Amino acid sequence: MNKVLLEKDGNVAIITINNPKALNALSTEVLEDLDAAVNDVKNDDDIYAVIVTGAGDKSFVAGADIAEMKDKNVEEAAKYGAFGNKVFREIETLNKPVIAAVNGFALGGGNELAMSCDIRLAADNAVFGQPEVGLGITPGFGGTQRLARLIPVGLAKEIIYTARNIKAPKALEIGLVNAVYPHEELMPAALKMAKGIAKNAPKAVAASKKAINDGLNETIDEGIQTEVEQFSGCFATEDQKYGMDCFLNKVKDKQFKNK
Ligand code: DAK
């Protein structure tokens with residue numbers, strides 16, 4: 001993997017999109033390397049939380065690779081869109097939580113990548129937007145769907161139709177990001193959050209993620225049933241017995257095993 005770096009720090013994996021000459025634009029090669037990194041992390045039982053960020057100081061991801069996309073025909077565009085969507089859906093449904101540490105431009109496919117993550121933290125220089133209609137296309141990696149689910153639909157439509165970028169404080173105000181930090185504090189804050197999550201029972205965190213995600217596409221009654229299944233499934237884990245024993249025996253320094 002050249003275009004994506006994968007580091008592991010204890011139980012946290014850091015995936016860095018590494019195409020800085022093009023502001024980390026998502027070429028097919030970048031998407032293939034991202035796919036490989038996500039699959040590595042998915043199958044690593046020692047990884048409990050993941051951070052996705054961009055190489056360099058300026059950009060998280062400046063979108064799909066416009067130079068690569070320009071000459072595609074309808075079939076090729078559909079293939080490219082399908083592959084990107086597959087990778088982003090893998091992130092969205094990954095069996096561990098994913099934090100986007102948005103360290104600059106998050107435009108088009110960059111904003112779509114951030115929205116595929118569970119939580120978005122931003123640097124104060126971050127810029128968000130869906131500029132696609134200005135290029136003669138629609139968002140193609142889930143932007144029309146995820147933005148309209150994440151923020152008020154009228155605001156999502158405004159952002160997509162005007163193709164205007166928004167800065168980090170506005171992104172915070174509308175709930176597109178959870179928090180904004182001075183640039184140099186972004187990665188420490190993302191790591192602190194990831195390590196905090198990783199202290200909890202990984203299977204319970206994964207089950208919570210599944211219940212929340214699945215429930216968003218269900219009726220409230222179906223969603224409650226989904227939660228019952230995820231909740232009761234936890235009672236088949238060693239970590240549930242251990243976590244409750246720790247509480248009852250006043251053990252503070254818990255070490256869950258992901259079992
Ligand atoms: N693709 C390719 N190269 C890019 C790029 C991109 N998205 N963004 C930046 N670069 C390249 C620039 O061409 C430039 O290359 P050189 O000239 O140095 O060779 C280099 O990165 C530095 O960029 P700038 O010189 O432009 O840097 P500035 O600081 O002046 O401006 C910027 C930064 C982020 C404002 C600007 O680069 C910019 O506007 N970039 C494009 C942003 C954008 O429009 N992104 C959205 C792309 S569209 C679909 C699947 C997916 C999608 C759509 C359909 N299907 C097929 C279904 C998704 C679409 C998108 O994401």
Side-chain angles (χ1 to χ4, degrees), residues 2-5 15-35 37-38 52-93 100-117 120 122-151 155-171 176-177 180 183 186:
N2 293 323
K3 296 290 184 183
V4 169
L5 310 174
I15 294 175
T16 305
I17 310 295
N18 184 36
N19 189 20
K21 279 192 187 149
L23 301 183
N24 301 322
L26 299 170
S27 62
T28 299
E29 194 184 353
V30 172
L31 286 171
E32 283 169 353
D33 285 359
L34 180 59
D35 189 36
V38 171
V52 176
T53 193
D57 291 338
K58 199 174 160 182
S59 185
F60 174 69
V61 166
D65 188 323
I66 299 169
E68 185 186 320
M69 256 192 314
K70 180 181 160 286
D71 292 323
K72 288 194 189 302
N73 61 30
V74 172
E75 288 74 28
E76 289 162 345
K79 196 172 160 208
Y80 177 68
F83 182 57
N85 273 308
K86 177 191 95 84
V87 179
F88 286 16
R89 191 77 180 122
E90 275 168 7
I91 292 171
E92 189 168 45
T93 59
V102 182
N103 57 322
F105 293 113
L107 301 177
N111 191 41
E112 290 166 314
L113 172 59
M115 291 192 294
S116 304
C117 300
R120 282 151 295 286
D124 50 9
N125 69 330
V127 175
F128 299 82
Q130 296 289 158
E132 287 88 346
V133 295
L135 295 166
I137 56 174
T138 70
F141 292 147
T144 58
Q145 302 308 303
R146 292 194 182 93
L147 193 59
R149 282 166 168 79
L150 201 53
I151 64 172
L155 284 176
K157 287 178 173 174
E158 181 183 329
I159 288 169
I160 291 171
Y161 300 167
T162 64
R164 265 203 317 260
N165 295 340
I166 61 169
K167 293 185 175 167
K170 183 74 178 171
L176 183 56
V177 301
V180 178
H183 195 278
L186 174 65

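Both ligands and their constituent atoms are indexed starting at 1 by order of listing. The residues of the chain are indexed from 1 along the displayed sequence. Small disclaimer: the values here were computed from a predicted structure and weren't measured. Side-chain atoms are counted along with the backbone in the values below, which use heavy atoms only and exclude waters and symmetry mates.
Closest to atom 58 (C) of ligand 1, if we only count protein heavy atoms, is Ala64 CB, 3.5 Å. Atom 57 (C) of ligand 1 has Gly81 CA, 3.7 Å as its closest protein atom, hydrogens excluded (heavy atom only). Closest to atom 30 (O) of ligand 1, if we only count protein heavy atoms, is Lys58 NZ, 4.8 Å. Nearest non-hydrogen protein atom to atom 24 (P) of ligand 1 is Leu23 CD1, 4.4 Å. Annotation: atom 48 (S) of ligand 1 to nearest protein heavy atom, Leu135 CD1, 3.6 Å. For atom 46 (C) of ligand 1, the nearest protein heavy atom (residue, atom name, distance) is Pro131 CG, 3.6 Å. In this structure, the protein non-hydrogen atom closest to atom 56 (C) of ligand 1 is Ala77 O, 2.9 Å. Summary of contacts: the protein heavy atom closest to atom 50 (C) of ligand 1 is Phe141 CE2, 3.4 Å.
Ring pair Phe83/Phe141: centre-to-centre distance not below 6.0 Å.
In this structure, atom 26 (O) of ligand 1 is not in close contact with the protein, since no protein heavy atom lies within 4.0 Å of it. In this structure, atom 13 (O) of ligand 1 has no protein heavy-atom contact shorter than 4.0 Å. For atom 38 (C) of ligand 1, no protein heavy-atom neighbour is found at a distance under 4.0 Å. Less than 4.0 angstrom separates atom 2 (C) of ligand 1 from at least one non-hydrogen atom of the protein. Within a 4.0 Å radius of atom 7 (N) of ligand 1, the protein has at least one heavy atom.
With Asn125 contributing its side chain and Asp57 its backbone, the two residues share a donor-acceptor pair below 3.5 Å. At distances below 3.5 Å, at least one donor-acceptor pair connects side-chain atoms of Asn24 with backbone N or O atoms of Phe60. Looking at Asn165, its side chain never comes within 3.5 Å of a backbone N or O of Val127 through a donor-acceptor pair. When atom types are taken as modelled, the side chain of Asp65 and the backbone of Leu26 share no donor-acceptor pair closer than 3.5 angstrom. Remark: the backbone N or O of Val87 is not paired with any side-chain donor or acceptor of Asp35 at under 3.5 angstrom. Remark: side-chain polar atoms of Glu132 are not paired, donor with acceptor, to backbone N or O of Ile137 under 3.5 angstrom. When atom types are taken as modelled, the side chain of Arg149 and the backbone of Gln145 share a donor-acceptor pair closer than 3.5 angstrom. The main-chain N or O of Leu176 is found under 3.5 Å from a side-chain atom of Arg120 such that the two form a donor-acceptor pair. One N or O on the side chain of Asn103 and one on the backbone of Gly56 form a donor-acceptor pair closer than 3.5 Å. A distance-only check finds a donor-acceptor pair linking the side chain of Glu68 to the backbone of Thr28 [under 3.5 Å].
Counting atoms of ligand 1 from 1 in the listed order, those under 4.0 Å from a heavy atom of Ala25 are 1 (N), 2 (C), 6 (C), 7 (N). Short contacts between ligand 1 and Glu132, defined as distances under 4.0 Å to a heavy atom of the residue, involve ligand atoms 48 (S), 58 (C), 59 (C), 60 (C), 61 (O). Every atom of ligand 1 with a heavy atom of Thr138 under 4.0 Å away is listed here by number and element: 53 (C), 54 (C).
Scanning Gly140, Ala62, Ala22 for the heavy atom closest to atom 49 (C) of ligand 1 points to Gly140. When Glu68, Lys21, Lys79, Lys72 are ranked by how near their heavy atoms come to atom 20 (C) of ligand 1, first place goes to Lys21. Here the shortest heavy-atom distance to atom 32 (C) of ligand 1, taken over Phe88, Phe83, Phe105, belongs to Phe105.
Interatomic distance, Asn2 CG to Asp33 CG, rounded to the nearest 0.5 Å: 6.5 Å. The CG atom of Leu113 sits 9.0 Å away from the CD1 atom of Ile15 when rounded to the nearest 0.5 Å.
Of the heavy atoms in Leu26, none comes closer than 4.0 Å to ligand 1. The residue Val127 has no part lying near ligand 1, judged by heavy-atom distances below 4.0 Å.
Note on Lys79 versus Glu76: no salt bridge recorded, every NZ/NE/NH1/NH2 to OD/OE distance being 4.0 Å or above.
Considering backbone and side-chain atoms together, Gly109 places an N or O closer than 3.5 Å to an N or O of ligand 1.
Not a single heavy atom of Asn85 lies less than 4.0 angstrom from ligand 1.
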